[in-house]
Participant: 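Got a structure here, written out as structure tokens. Questions coming.
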Amino acid sequence: MKVFKLGFIVAATFSLAACGNTTVQDSDSSAAKSNSLVEQQAKETLSVVMSLEQDGKEVEGATQELEVEEGTTVLEALKGQYEVIEEDGLILSIDGMEQDEDAGKYWLYEVNGEQPTVGAAECEIKDGDQVKWLLNALQ
């Protein structure tokens, strides 16, 4: 009978220990999820204005005021607001306005009136940026 009681106590102890480990794992998992949510909420929201220009004139109705997360690139913001056709990082068309190789017209972009030295996929937006996409003949 003592062996039975001893066996029951040992089994109960292992059972409770196993439940305790699960609880610790669940707590760790909950803490990780909570930290992830805090990190996502900590990302700042940035305001930016994006516009399109074709042949030296602003495209009517194409200017967008955007709210994007910190770390968003110019290309990501563009794709989030306009219909974009891209090939190997080169923009071929925005909202149906296509580049024209024969006429020497290609899509370029400016941020705050200056052409960045990196591609749109590498250029991160900053709060208050004015991004303009230009479809003009290269001179």
Side-chain angles (χ1 to χ4, degrees):
M1 187 69 145
K2 288 184 179 183
V3 173
F4 178 73
K5 285 182 183 179
L6 182 62
F8 178 75
I9 292 172
V10 171
T13 302
F14 281 118
S15 178
L16 290 174
C19 289
N21 285 340
T22 302
T23 304
V24 171
Q25 290 173 352
D26 289 345
S27 294
D28 290 346
S29 177
S30 295
K33 287 178 185 176
S34 177
N35 287 340
S36 178
L37 288 173
V38 169
E39 288 173 13
Q40 288 176 356
Q41 291 171 347
K43 284 190 174 183
E44 188 177 341
T45 300
L46 310 175
S47 296
V48 63
V49 175
M50 190 169 288
S51 60
L52 305 178
E53 179 182 295
Q54 183 175 20
D55 297 325
K57 296 179 184 172
E58 192 168 314
V59 176
E60 193 172 321
T63 300
Q64 302 280 333
E65 292 183 26
L66 314 175
E67 297 289 324
V68 298
E69 282 187 0
E70 183 178 24
T72 300
T73 65
V74 171
L75 183 58
E76 290 169 335
L78 176 72
K79 287 181 171 182
Q81 294 300 312
Y82 302 92
E83 184 179 323
V84 177
I85 298 174
E86 167 202 9
E87 185 176 291
D88 298 326
L90 181 66
I91 304 299
L92 302 178
S93 173
I94 301 174
D95 278 356
M97 294 174 280
E98 297 179 354
Q99 70 177 15
D100 183 351
E101 291 182 39
D102 293 335
K105 290 172 60 173
Y106 299 92
W107 280 107
L108 301 174
Y109 77 102
E110 296 178 343
V111 177
N112 302 323
E114 298 181 14
Q115 288 188 342
T117 57
V118 297
E122 298 168 1
C123 184
E124 287 189 12
I125 291 175
K126 296 185 179 38
D127 193 42
D129 277 350
Q130 302 278 323
V131 179
K132 183 181 284 190
W133 284 89
L134 310 140
L135 181 60
N136 299 321
L138 298 177
Q139 299 174 352

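By convention here, the first residue in the shown sequence is residue 1.
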Participant: How close do Ala62 and Leu52 get, heavy atom to heavy atom, and via which atoms?
Facilitator: CB-CD1, 3.8 Å

Participant: Give every residue pair that meets the ring pair (Phe, Tyr, Trp, His ring centres under 6.0 Å) criterion with at least one member in residues 104-136, sequence neighbours excluded.
Facilitator: Tyr109-Trp133

Participant: Nearest 0.5 angstrom please: Met50 CE to Gln130 CD, how far?
Facilitator: 10.5 Å

Participant: Regarding Glu58 and Thr63, do their side chains bring together a donor and an acceptor under 3.5 Å, going by distance alone?
Facilitator: yes

Participant: Can you run down the salt bridge (Lys or Arg N to Asp or Glu O under 4.0 Å) pairs that involve residues 76-98, sequence neighbours left out, and say none if there aren't any?
Facilitator: Lys79-Glu86

Participant: Quick one: closest heavy-atom pair of Leu66 and Ala77, and the distance?
Facilitator: CD1-CB, 4.1 Å

Participant: Quick one: pull up CD in Glu70 and CD1 in Ile125 and give me the separation to the nearest 0.5 Å.
Facilitator: 12.0 Å

Participant: Hydrophobic clusters here meaning ILVMFWY residues chained together by side-chain heavy-atom distances under 4.5 Å, can you tell me if Val59 and Leu134 are in one?
Facilitator: no

Participant: So how far is it from Gln64 CD to Gln81 CD, rounded to the nearest 0.5 Å?
Facilitator: 5.0 Å

Participant: Hey, does Ile91 have a side-chain heavy atom less than 4.5 Å from the side chain of Leu78?
Facilitator: yes

Participant: How many angstroms lie between atom CD of Gln115 and atom CG of Leu108, to the nearest 0.5 angstrom?
Facilitator: 5.5 Å

Participant: Does Glu67 have any side chain to side chain contact (heavy atoms under 4.5 Å, CB included) partners at least two apart in sequence or in another chain, and if so, which?
Facilitator: Thr45, Ser47

Participant: Work out which heavy atom in Pro116 is nearest to a heavy atom in Val111; give both atom names and the distance.
Facilitator: CG-CG2, 3.8 Å

Participant: Which atoms form the tightest heavy-atom contact between Asn136 and Gln54, and what is the distance?
Facilitator: OD1-C, 3.6 Å

Participant: Please answer: with hydrophobic residues joined when any side-chain heavy atoms are less than 4.5 Å apart, are Val118 and Val74 in the same cluster?
Facilitator: yes

Participant: Which residues pass the salt bridge (Lys or Arg N to Asp or Glu O under 4.0 Å) test with Lys126, not counting sequence neighbours?
Facilitator: none

Participant: Other than Leu92, what residues sit in its cluster of Ile, Leu, Val, Met, Phe, Trp and Tyr side chains whose heavy atoms are under 4.5 Å apart, directly or through others?
Facilitator: Ile85, Leu90

Participant: How would you list all residue pairs meeting salt bridge (Lys or Arg N to Asp or Glu O under 4.0 Å) that involve residues 129-138, not counting sequence neighbours?
Facilitator: Glu53-Lys132

